[in-house]
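Okay, structure first, notes after.
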Amino acid sequence: MPQDIFDKIMTLAKRRGFIYPSFEIYGGVAGFYDYGPLGAQLKNNIENLWRKYYLLKDNCIEINTPTVTLYEVLKASGHTNEFTDLTVDCKKCKQSFKLEGLVEKGDPEKEAKEGKVKCPNCGEILKNPYPVNLMFSTKIGVGNTRDAFLRPETAQGIFTNFHLLYRYAREKLPFGVVQIGKGYRNEISPRQGIIRQREFNMAEAEVFFDPKDKSHPDFDSVKNKTLFLFDNKKEMKFSVEKAVKQGVVNNQALAYYMCLTQEFLLDVGIDPEKFRFRKHGDDELAHYATECWDAELYSERFGWVECVGIADRSAYDIKSHIESSGNDMYALRKFDEPKTVNVKKVVADMGKLGPLFKNKAGKIKDLLEKIDVKKDKEIILNVDGEKIKIPTDCYKIVETEEKIMGERFVPHVIEPSYGIDRILYMILEHSYSEGKKSDEEYRILKLNPVVAPVKVGIFPLIGDKKLINIAKKLDSDLRTSGISTYYDEGGTIGRRYARMDEIGTPFCITVDHDSINDNAVTVRDRDTTKQDRVKIKEVLSFIMAKISS
RNA sequence: GCGGAUAUGAUCUAGUGGUUAUGAUAUUGGCUUCCCAAGCCAAUCACGCGGGUUCGAAUCCCGCUAUCCGCACCA
């Protein structure tokens, strides 16, 4: 069986310390992977570059919230319902179906119990639907517990803090909040290695906008850049500006973050030829989204894989949390000048209401203050199903002037959501190249120096004490200056280069006998194998310049 | 979750109901080596897990787990 690129990468990743299957000594569990020493560094580098784009370039703020998430939060967000699918298996043809997809009207569960659901494949009657919930559930505490789930996305941690973050942002929109962390999904059958995990790393940004103004302050700086778009039929190239003007992308904000995403992915080492944005059809939108573009990356093994979703979640989440928590999470759209309005208010006279209605008086007061009361008109309130006449002397109608500073609204959210593990895999796949050297398989990971876990390999040409001393000193100096290195004096020089090529180290420095006299070393470039003679004093700035460009 | 196939060092692999289980690559140490996996010597490392059959199981049987291929599902 010839290995395909996925096998080759996973083999290399395990052998060299990028990725290990989790719990392997106990047989392993599908959907869980460990990052080894190089994988962890690679992941850090990807995340830190991501931070440069979102925290520095786009000026977002970063927070960090628990992965264990209270039941109520995910109930409000719709995840407890939307992530529970009733599934039925056909005994005859051995296929399984999502029950909801088979029953158009009525209660699907009831229809199934009554034997009214037939297999669309073979016509057999389908029975015994069972729920499949994609969230890991847990309990908080012992004894008197509260229900919780491991979060399926980091976003809810941001939404539930919106009112605090809005104040932190000094009540100005738009502003963005990001979180990098773990998400969990109890996938029925994860089979695509690191592409589909049960515990995975995500980087999400929730950018809050006034729904009446989804323009982005930096839009002008990106408007002439080209987006690679795919509308499920053909691939197209549009400028950011044109995509919005022609309505291909609904608003500036979406288009801006698509552009930011594209630049990040190309910067991090994704092959531009294997990149596109694909728009979700109406039938595939998540329950919270009104428009969604996926950044898809092409894998030789898996085809086009969605690695970033950029969704317009509209007001969905914050509105849900306002409704179910009762918290004030509105934003305020300030008027240019405060408006003065005459307001009629009903003021209940508790001195009369109390003795008259006893324990119902409180409820009556609340109701009175809500309804639109007109003077001299009899009021009949419906209190817990009982109709009660309210005498006119029990309340007063007061007219006051109020200043209104602005109008309250629920902000809209644009959400770029990145699957870090998928991106990491795609970087490996797109960077992988192989050939032969001395009749042996030769592999190079052409990682972008920005993300490469090791930036520089340092070797004494031969095991001579004098060379070793110079090399070790240089190694230590570079690491002290923040450049990750790998010191190696074992084996032939070619073997050492090969080891570094295989883990994607962009530069190798060799100390030879001339170094003793001329205080210079050779710096070898991974992709060209060309060498530069560089003064030891200047090595740091030489490498720095290459790494940051 | 269903059907089929598979499981031997880090990697690829040979193997048979019967001593101490191949070979290669890699790794480690030594010798040699002045720029791209050279050579020589030595060393470390494996039968997925659990049960059964048997005098004896890595080999045969069953279960589990994982992986691969279909189906189904799916940010």
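Quantities reported herein were computed from a predicted structural model and do not represent experimental measurements. Each chain gets a letter, A, B and so on, in the order the sequences are listed, and its residues count up from 1.
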message: Regarding A:Gly490, tell me which of base, sugar-phosphate or nothing describes its non-hydrogen contacts under 4.0 Å with the strands shown.
response: nothing

task: With a 3.5 angstrom cut-off on both distances, give the Watson-Crick or G-U wobble partner of B:rG9, or none if there isn't one.
output: none

Polar atom pairs between nucleotides 62-67 of chain B and protein, under 3.5 Å, N or O only, would you list them?
| from | atom 1 | to | atom 2 | distance (Å) |
| --- | --- | --- | --- | --- |
| B:rU65 | O2' | A:Gly28 | O | 3.3 |
| B:rA66 | O4' | A:Gly27 | O | 3.4 |

statement: A:Glu24 atom CD is separated from B:rA46 atom P, nearest whole Å, by 14 Å

- request: May I ask you to check whether A:Phe459 and A:Tyr497 place their ring centers less than 6.0 Å from one another?
  value: yes

task: Sort out the partner of B:rU22 for me: Watson-Crick or G-U wobble, both distances under 3.5 Å, none otherwise.
output: none

field: A:Ser417 vs B:rA75: side-chain N/O to OP1/OP2 distance below 4.0 Å
entry: no

- request: Return the nucleotide paired to B:rC68: Watson-Crick means purine N1 to pyrimidine N3 with N6-O4 or O6-N4, wobble means G-U with N1-O2 and O6-N3, both under 3.5 Å.
  value: B:rG4

- request: Answer with base, sugar-phosphate or nothing: what part of the nucleic acid does A:Arg16 contact at a heavy-atom distance below 4.0 Å?
  value: nothing

field: Integer-rounded Å distance: B:rA10 C1' and A:Arg443 CZ
entry: 12 Å

query: Taking atom P in both B:rG9 and B:rA58, what distance in whole Å separates the two?
result: 15 Å

- prompt: Are the charged groups of A:Lys8 and A:Glu300 less than 4.0 angstrom apart, N to O?
  reply: no

A:Glu434 backbone acceptor or donor facing A:Arg443 side chain under 3.5 Å: no

- request: Would you please indicate yes or no on a ring centroid separation below 6.0 angstrom for A:Tyr53 and A:Tyr418?
  value: no

- prompt: So, is A:Arg499 close to the B:rU27 phosphate, meaning a side-chain N or O under 4.0 Å from OP1 or OP2?
  reply: yes

query: Rounding to the closest angstrom, what is the interatomic distance between B:rU16 and B:rA7 at atom P?
result: 13 Å

query: If you check every side-chain atom of A:Lys14, which of B:rC74, B:rC35, B:rU11 has the closest atom?
result: B:rU11

message: Need the pair for B:rC74. Rule: Watson-Crick or G-U wobble, both distances under 3.5 Å, any strand; none if unpaired.
response: none

message: When you measure from the side chain of A:Asp464 to the backbone of A:Lys466, do you find a donor-acceptor pair of N or O atoms at a distance under 3.5 Å?
response: yes

field: Short side-chain N/O contact to B:rC69 OP1/OP2 from A:Arg301, under 4.0 Å
entry: yes

field: Salt bridge flag under 4.0 Å for residues A:Arg495 and A:Asp488
entry: no

- prompt: How far, in whole Å, is B:rG48 from B:rA10 if one measures between their P atoms?
  reply: 12 Å

field: Watson-Crick or G-U wobble mate for B:rA43, both contacts under 3.5 Å
entry: B:rU27

statement: Using Watson-Crick geometry (N1-N3 plus N6-O4 or O6-N4) or G-U wobble (N1-O2, O6-N3), each under 3.5 Å, B:rG50 is paired with B:rC62

query: Can a side chain N or O of A:Arg495 be found less than 4.0 Å away from OP1 or OP2 on B:rA38?
result: yes

field: Side-chain donor/acceptor of A:Asn45 to backbone N/O of A:Ala452, under 3.5 Å
entry: yes

